Protein chains: 2
Amino acid sequence: MLAAAVRLFNERGYDATSMFDIAESLGITKSSVYHHISGKEQLLQMAMDRALDGLFEAADEVRALDVPAPERLERLVRRSVLVLAERFEYVTVLLRVRGNTEAEQHALSRRRDFDTIVTDLVKQAQAEGGVRPDIDPATVARLILGMVNSLTEWYRPRTGGAEAIADALTRIAFEGLRTE
Amino acid sequence: MLAAAVRLFNERGYDATSMFDIAESLGITKSSVYHHISGKEQLLQMAMDRALDGLFEAADEVRALDVPAPERLERLVRRSVLVLAERFEYVTVLLRVRGNTEAEQHALSRRRDFDTIVTDLVKQAQAEGGVRPDIDPATVARLILGMVNSLTEWYRPRTGGAEAIADALTRIAFEGLRTE
DNA sequence: ATATTTACCGACCGAACGGCCGGTAATCAA
DNA sequence: TTGATTACCGGCCGTTCGGTCGGTAAATAT
């Protein structure tokens, strides 16, 4: 049911999706939906949590690695792409939330925490050397995460396709487009 | 009035913004708003057009340049950042529409046209040399534009700040983060 | 066989929304 | 000064929405 709701949220937007739509897509009535959940916002909350939990798990795994900071950064970027691909619809919901309710604001706050983790990693990588130090680390983190998050706009999950995208993205981010 | 509406659209989302909200922010009543415009959707239409017109103007200007394709690509990326900064709130509205109405679908279609322009430019740049040919041009275009468009999520317009962001972005995109 | 829990439904409610209409006051052209 | 145009308003309408409630039928436990 969460999956059905999230699919509709992404098709038409959260506000534009009615509880009737969700019920209809499950072949039951609106009243029956309320037998299983407490309200529309709970569905949103569960979806956002599923996405955020994946991202923080990735951050925890990478933090534990005993490799130089630039490589930890690259690993985290790559893992973020894979999480986004695995939990595609949940991450898409998360990235569209604007903070209209308390639950949404809490999700935004957790997103900012993740941004901070990446920013700190960029900072370390610049200090250790291996990542260009001439751009503000917060800007680097936002631009790279922006590129990752933009996948929700056009990437469509297929088995195995995520690694190819992760390769392309990390190549652009770390090596750049320019040859010679 | 368009400016006031667009500001609210971005604060709370298009659906979550009522005509009463727009009227209130202007110090007039809802009825008075309808004296000036035909409906809510017209406001959205005008905002999206303002953003798209800016992007296509940039594309036209760059197309007329007599420089190698890789440099035209870099110029277009940079100009896109500047358009996004100039028409920030309008572009933000544009990038959030999901195609729920006919007008939104038309805007999405124009966005795809712009994507195609960038993709073709990447293709030329790869053929001429100077841009790495080992990544699918459509993927390159989407990732770079994704990085540009992600600015709507955190960049806040200040006079002069756009060039610094454009520099950082094009440096990452063309030279990459890695040193040595 | 009976009691209890689970899944479901139809009917309804109050609120909010986009939009419309008839009318009034200010502005402006002649 | 008069006539027309423009800007504005209060009040209303039909619809849709999230959510509730009382009740039924099936599943499950004892």
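All figures in this text were calculated on a predicted structure; none of them were measured in a lab. By convention in this document, chain letters (A, B, ...) are assigned in the order of the sequence lines, proteins followed by strands, and residues within each chain are numbered from 1.
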Roughly, in whole Å, what's the span from [atom1] in [X] to [atom2] in [N]?
| X | N | atom1 | atom2 | result |
| --- | --- | --- | --- | --- |
| A:K40 | C:dA16 | NZ | C1' | 13 Å |
| A:I28 | C:dG10 | CD1 | C1' | 14 Å |
| B:F20 | C:dA15 | CZ | P | 16 Å |
| A:M19 | C:dA15 | CE | P | 20 Å |
| A:I37 | C:dA7 | CD1 | P | 14 Å |
| A:H35 | C:dC8 | NE2 | C1' | 7 Å |
| B:E24 | C:dA16 | CD | C1' | 14 Å |

Check ion pair A:D53-A:R110 (N to O, under 4.0 angstrom) |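 Salt bridge between A:D53 and A:R110, a charged N being under 4.0 Å from a carboxylate O: yes.
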Flag the pair A:E71 and A:R75 as a salt bridge only when some basic side-chain nitrogen lies within less than 4.0 angstrom of an acidic carboxylate oxygen.
-> yes
What closest approach, in Å, do B:A103 and B:E41 show between heavy atoms, and which atom pair accounts for it?
-> CB-OE2, 3.7 Å
Where the side chain of A:H36 is defined as all heavy atoms beyond and including C-beta, which of C:dC9, C:dA7, C:dG19 is the nearest nucleotide?
-> C:dA7
Any idea which of C:dC20, C:dG18, C:dC9 is nearest the B:S31 side chain?
-> C:dC20
Between A:D21 and A:S38, which has a closest nucleotide on DNA chain D that is more 5'?
->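 This one resolves to A:D21.
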Using the ring pair (Phe, Tyr, Trp, His ring centres under 6.0 Å) rule, collect all pairs that involve residues 92-113 of chain A, keeping only residues at least two apart or in two chains.
->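 Residue pairs passing ring pair (Phe, Tyr, Trp, His ring centres under 6.0 Å), neighbours aside: none found.
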Contact boundaries on DNA chain D for chain B, cut-off under 4.0 Å to non-hydrogen atoms | D:dT6 to D:dG11
Answer with base, sugar-phosphate or nothing: what part of the nucleic acid does B:T17 contact at a heavy-atom distance below 4.0 Å?
-> sugar-phosphate
Kindly check if the number of other-residue, nucleotide or ligand heavy atoms within 6.0 Å of CZ (A:F20) is above 12?
->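 Counting neighbours around CZ of A:F20, 12 or fewer heavy atoms of other residues, nucleotides or ligands fall under 6.0 Å, so no.
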Salt bridge (charged side-chain N to carboxylate O under 4.0 Å, His left out) partners of residues 19-37 of chain B, not counting sequence neighbours, each pair once =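 Salt bridge (charged side-chain N to carboxylate O under 4.0 Å, His left out) check on residues 19-37 of chain B returns B:R12-B:D21.
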Side chains of B:T116 and B:T119: is there a donor and an acceptor less than 3.5 Å apart?
-> no
